[in-house]
4 protein chains.
Amino acid sequence: MFKVDDRDPMPLYAQLERAIKFAVATGQLNIGDQLPTVRQLAVDLRINANTVAKVYAELERVGILGTRRGVGTFVQAHPADISRNGRQANNGKLDKVIDRALAEAASLGFSANDVLDNLINRRKKEKMKNG
Amino acid sequence: MFKVDDRDPMPLYAQLERAIKFAVATGQLNIGDQLPTVRQLAVDLRINANTVAKVYAELERVGILGTRRGVGTFVQAHPADISRNGRQANNGKLDKVIDRALAEAASLGFSANDVLDNLINRRKKEKMKNG
Amino acid sequence: MFKVDDRDPMPLYAQLERAIKFAVATGQLNIGDQLPTVRQLAVDLRINANTVAKVYAELERVGILGTRRGVGTFVQAHPADISRNGRQANNGKLDKVIDRALAEAASLGFSANDVLDNLINRRKKEKMKNG
Amino acid sequence: MFKVDDRDPMPLYAQLERAIKFAVATGQLNIGDQLPTVRQLAVDLRINANTVAKVYAELERVGILGTRRGVGTFVQAHPADISRNGRQANNGKLDKVIDRALAEAASLGFSANDVLDNLINRRKKEKMKNG
DNA sequence: GTGGTCTAGACCACG
DNA sequence: GTGGTCTAGACCACA
């Protein structure tokens, strides 16, 4: 379901947090959906349960996840809704995110146009899949 | 010149490494250019000189930078040339980079289309600037 | 287990790196074996833990060692397998290594023939031990 | 004439010192021969003149080189003669030197036999060249 | 004054 | 308790 990479210098907890936010933001997980248990996800990702628990706790703190005692952990809100500034105020952050991606692409030998092409191809594939 | 952020969970050295690769990849730094001295950059970024030295050493190890003992540190090659597999083999990596960017954008409330629009706007601005 | 010498002009970390490569290359350490902890080895060798950590990190970077966060450091591959060019491309390096050894031997008053004799004697002893 | 390598972690001065000892020990330089001037050698090796001067001074200190004011620097004695213990006492050191070489060879994927073969080949070539 | 090496010691991520 | 990151600061090699 989610992916983390041992060799990435970004801490595992940060990777997992981003992955869950992504899944919720893109609709792979919807409000009300149940997440894997801490222990199950730890086993799946081959990381320590404490690391998973820490991420769940943090996401609960910010309101994205919610826990029902004895039942499990569920999606409670969209990260975008949480992000208290809304789209307008986040425009600058989007630029930063894209800057960073273009930087990494460049260091792999790809231009902004290559990135654009990649995105357009993704959209085409998406359309074909959906009919 | 470069930027690093204390609060980012990504280690400072990884941030700086990416920033330098970016600068070289995008032509802000060209082959033969001298980089700031280890100590100067440490002062500018308000981080420890050892952290900067570690980054320079790592980038030298992979061939992007070169140092002349007692003289300074210089750009030696483009990251894209170093990336020894070439574009073909790096296509998978591009996908990963873009996946990650879309994930972050999504958690800010932006869709893949928003990212696409952003990139297209950048291209328009670039064209207007150049002619 | 390993040895480093303060008075050798070769940096401690380079000495240790060579010693570990040697141990792995010669089977004193096998794939999967755990290495001493960073702190323990630092104590044993009477050097700083950071110096040991630097060596482990470097050997991990090239794939000889692998670390499991919070668990320890393990042998992951043989240096000879890593040396990605294979024997053919490493022949020139072998010449350099032998040049250097002959140089040192010569400065101690030994000729290439003395070195040859020494090697032949080693082989004889080895055979007697095994046969 | 001599060679030094910027990327070798061994300090330049140590590399040069070894190279000169080697040349004298192997007869490429004989007693009475003049060495290049400090400045000339610095230019040839693309290193700083101070580094060369330091090496000459050290070798003069131990008696291998001698300086005649206003004339130049000359070979004065064989390193092997200087090495005050003589061959017998240096046998242990030879073993160490060879151990180290075998270690490096092993990490390149070569066995002790490969090293032996290499040495034997060198002897053959030497014989052919000399008749 | 430049980069390189090393130390001592703090704090974090992870198990 | 393990490795990872970072800091402060010393001293060395080199130009």
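Letters go in sequence order (proteins before strands), and every chain restarts at 1.
Closest approach of Q34(C) to V71(C), counting heavy atoms only: NE2-O, 3.7 Å. When every heavy atom of V38(C) is checked against every heavy atom of A49(C), the shortest pair comes out as CG1-O, 3.3 Å. Of all heavy-atom pairs spanning F2(D) and L45(D), the tightest one is O-CD2, 3.2 Å. Of all the heavy atoms in E104(B) and V97(A), the pair that sits closest is OE1-CG2, 3.5 Å. The two residues Y13(A) and P9(B) come nearest to each other via the heavy atoms OH-CB, 3.8 Å.
When each of G70(B) and E60(C) is assigned the nucleotide of DNA chain F with its nearest heavy atom, E60(C) is the one assigned upstream, toward the 5' end. Each of N50(C) and R68(C) lies near DNA chain E, and the nucleotide nearest N50(C) is the one positioned closer to the 5' end. Each of R69(B) and R69(C) has a nearest nucleotide on DNA chain E; the 5'-most of these lies closest to R69(B).
Phosphate contact (OP1/OP2 of dA13(F), side-chain N/O of T51(D), threshold under 4.0 Å): absent. OP1 and OP2 of dG3(E) both lie 4.0 Å or more from every side-chain N or O belonging to T67(B). The phosphate of dT5(E) has OP1 or OP2 within less than 4.0 Å of a side-chain N or O from K54(C).
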Apply the test side chain to side chain contact (heavy atoms under 4.5 Å, CB included) to residues I64(C) and Q76(C): give CA-CA distance (whole Å), side-chain angles for both, the deciding distance (0.1 Å), then the verdict. CA-CA 5 Å; I64(C) 292 173; Q76(C) 202 167 62; over 6 Å; no
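Of the residues in residues 7-22 of chain B, P11(B), L12(B), Y13(B) come within less than 4.0 Å of DNA chain F through at least one heavy atom, sorted by number. Annotation: proximity of residues 32-45 of chain C to DNA chain E (heavy atom, distance under 4.0 Å) is found for no residue.
For DNA chain F, the stems formed by at least three consecutive Watson-Crick or G-U pairs, with both atom-pair distances below 3.5 Å, span E:1-14 with F:1-14.
At whole-Å resolution of the value, CD in E58(C) and P in dT5(F) are 14 Å apart. Distance D5(D) CG to dA13(F) C1': 16 Å, rounded to the nearest Å. For the pair D6(A) CG and dG3(F) C1', the interatomic distance rounds to 12 Å; values are reported in whole Å. Following rounding to the nearest Å, R46(D) (CZ) and dC14(F) (P) show an atom-to-atom distance of 18 Å. We find that CG of L65(C) is positioned 17 Å from P of dT2(F), with the value rounded to whole Å.
Remark: R69(B) CZ is packed, more than 12 non-hydrogen atoms of other residues, nucleotides or ligands lying under 6.0 Å away.
Contact check for T51(B) versus L16(B): no side-chain heavy atoms found under the 4.5 Å cut-off.
A side-chain donor-acceptor contact under 3.5 Å links Q15(A) to the backbone of M10(A).
For N48(B) and dG9(F), a side-chain-to-base donor-acceptor distance below 3.5 Å is absent, hydrogens and geometry of angles not being considered.
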